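Note that the structure is predicted; figures quoted are calculated from it, not measured.
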Amino acid sequence: MAIADRYLADDEELVQVTRQHWTEMVSEFLMLCLIWLVAGALIWVIPSGEEWDKMAIYVVLGAAVLASLWFWLIPLLKWRSTMYILTTKRIYKRSGFLTKAGRSIPLIRVNDVSFKASLWERMMRYGTLSIQSASEQGMMTLKHVPDPEGLKAKIYRAVDEEQRHQQMGPGLAGPGPGPDGMMPPMR
C-alpha cells in the first residue's frame with residue numbers, strides 16, 4: 001500500500017497494512033440516514049406559502065449538513081486515517097487526520113499477542129488484538145481488526161524472523177537472492 005510506504009525505515013519491508021473493519025462505520029451511516037429522514041420530515045411539515053418558509057427550509061438543511069459533518073464525515077475521516085502497519089521490524093498504529101498520533105513496538109520487544117472476538121465479531125470476521133511488549137508503554141490494543149487471527153499469525157512469523165535475524169547477527173545471515181530473484185551459486 002503506497003500510503004504506508006512513507007512510514008517505512010530504510011531497512012524494513014512492509015508485511016501488512018490494514019484499516020479498521022468497515023463495521024466500525026455502520027452506526028455512523030445509520031445516524032446519517034436518520035439525520036436526513038428527520039430533515040426531510042421537517043421540510044415536509046413546514047407550511048408553504050408563508051413568508052418564512054424558505055428561510056425555515058434553509059435552516060433545516062443547514063442543520064442537517066452540520067449534523068452530517070459532525071456525526072458522519074468526521075468519524076469517517078477518523079476511520080480512514082486509522083491504520084495498523086506490520087513491517088519486518090515493528091508494529092505501527094497510526095491515527096488522526098488533523099491531530100495525528102502514532103505508536104510503534106519493535107518486533108524484538110513483543111512478548112505476547114492475543115485476540116478477542118465475540119460471536120458477532122467472528123461472524124463479521126473482525127476482532128481486537130492485544131499486543132504485550134517489553135517496553136514502558138506495555139500494551140497496544142488494535143480494535144476492529146479484520147481477520148485478527150491471521151494478523152496475529154503474521155505478527156508471530158515476523159517476530160520469529162526478526163529474533164532469528166538478531167541472533168544470527170547482521171553479517172551472518174548469508175547472501176540473499178540477487179536482482180533476478182535467484183540465489184548465488186555455492187562455492
Measuring from atom CE of M124 to atom CG of L119, what distance do you get when rounded to the nearest 0.5 angstrom?
12.0 Å

Can you tell me how far apart CE (M140) and CD1 (I105) are? Round to the nearest 0.5 Å.
4.0 Å

Tell me, do F71 and L76 make a side-chain contact under 4.5 Å, heavy atoms counted?
no

For residues 23-48, please give each side-chain donor-acceptor pair under 3.5 Å, one per line with the distance, not counting sequence neighbours.
{"unit_1": "T23", "atom_1": "OG1", "unit_2": "H21", "atom_2": "ND1", "d": "2.9"}
{"unit_1": "E24", "atom_1": "OE1", "unit_2": "H144", "atom_2": "ND1", "d": "2.7"}
{"unit_1": "E24", "atom_1": "OE1", "unit_2": "H144", "atom_2": "NE2", "d": "3.1"}
{"unit_1": "W36", "atom_1": "NE1", "unit_2": "S68", "atom_2": "OG", "d": "2.8"}

Between R164 and E161, is there a salt bridge with N-O shorter than 4.0 Å?
yes

Can V65 be reached from M55 by stepping across I, L, V, M, F, W or Y side chains whose heavy atoms are under 4.5 Å apart?
no

Polar side chain donor-acceptor pair, Q163 to Q167, under 3.5 angstrom
no

Has S81 got a side-chain atom pairing as donor or acceptor with G96's backbone, closer than 3.5 angstrom?
yes

If you look at every heavy atom in G138 and R103, which pair is closest and at what distance?
N-NH2, 3.9 Å

Consider only side-chain heavy atoms of I, L, V, M, F, W and Y, link residues closer than 4.5 Å, and tell whether L66 and Y58 are in one cluster.
no

Looking at residues at least two apart in the chain, or sitting in another chain, which of them share a side-chain hydrogen bond (donor to acceptor under 3.5 Å, both in side chains) with S133?
S135

Nearest heavy-atom pair of W72 and P75: which atoms, and what distance?
O-CD, 3.4 Å

Ignoring hydrogens, what is the shortest heavy-atom contact between V113 and I155? Give both atom names and the distance.
CG2-CG2, 3.7 Å

Taking side chain to side chain contact (heavy atoms under 4.5 Å, CB included) as the criterion, tell me which of L151, D112, V110 meets it with Y156.
D112

Nearest-0.5 Å distance, CG of residue L107 to OG1 of residue T87
6.0 Å

With a 4.5 Å cut-off on side-chain heavy-atom distances among I, L, V, M, F, W and Y, is there a chain of contacts connecting I57 to W52?
yes

Nearest heavy-atom neighbours spanning T88 and D11:
OG1-O, 4.2 Å

Do S130 and M139 touch side chain to side chain, with heavy atoms closer than 4.5 Å?
yes

If you count every heavy atom of other residues, nucleotides or ligands that lies below 6.0 Å from W120 atom CH2, does the total exceed 12?
no

Report the distance from atom CD of E121 to atom OG1 of T128, rounding to the nearest 0.5 Å.
5.5 Å

Side-chain (Y84) to main-chain (K143) donor-acceptor, under 3.5 angstrom
yes

NZ of K78 to OG of S95: how many Å apart, nearest 0.5 Å?
9.5 Å

Would you call R125 and D147 a side-chain contact if the rule is heavy atoms closer than 4.5 Å?
no

Determine, using the 4.5 Å side-chain heavy-atom cutoff (strictly less than), whether I85 and F115 are members of one ILVMFWY cluster.
no

With rounding to the nearest 0.5 angstrom, report the CG to CE distance, L142 to M83.
13.0 Å

State yes or no: do L69 and V60 share one hydrophobic cluster built from I, L, V, M, F, W and Y residues joined by side-chain heavy-atom distances below 4.5 Å, directly or via other members?
yes

Under 4.5 Å between any side-chain heavy atoms of L14 and L86, yes or no?
no

For Y126 and Q20, test the side chains for any donor-to-acceptor distance below 3.5 angstrom and give the result as yes or no.
no

Does the R19 side chain pair with the main chain of R80, one donor and one acceptor, at a distance under 3.5 Å?
yes

Taking all non-hydrogen atoms of both residues, which atom of K100 and which atom of F97 are closest, and how far apart?
NZ-O, 3.9 Å

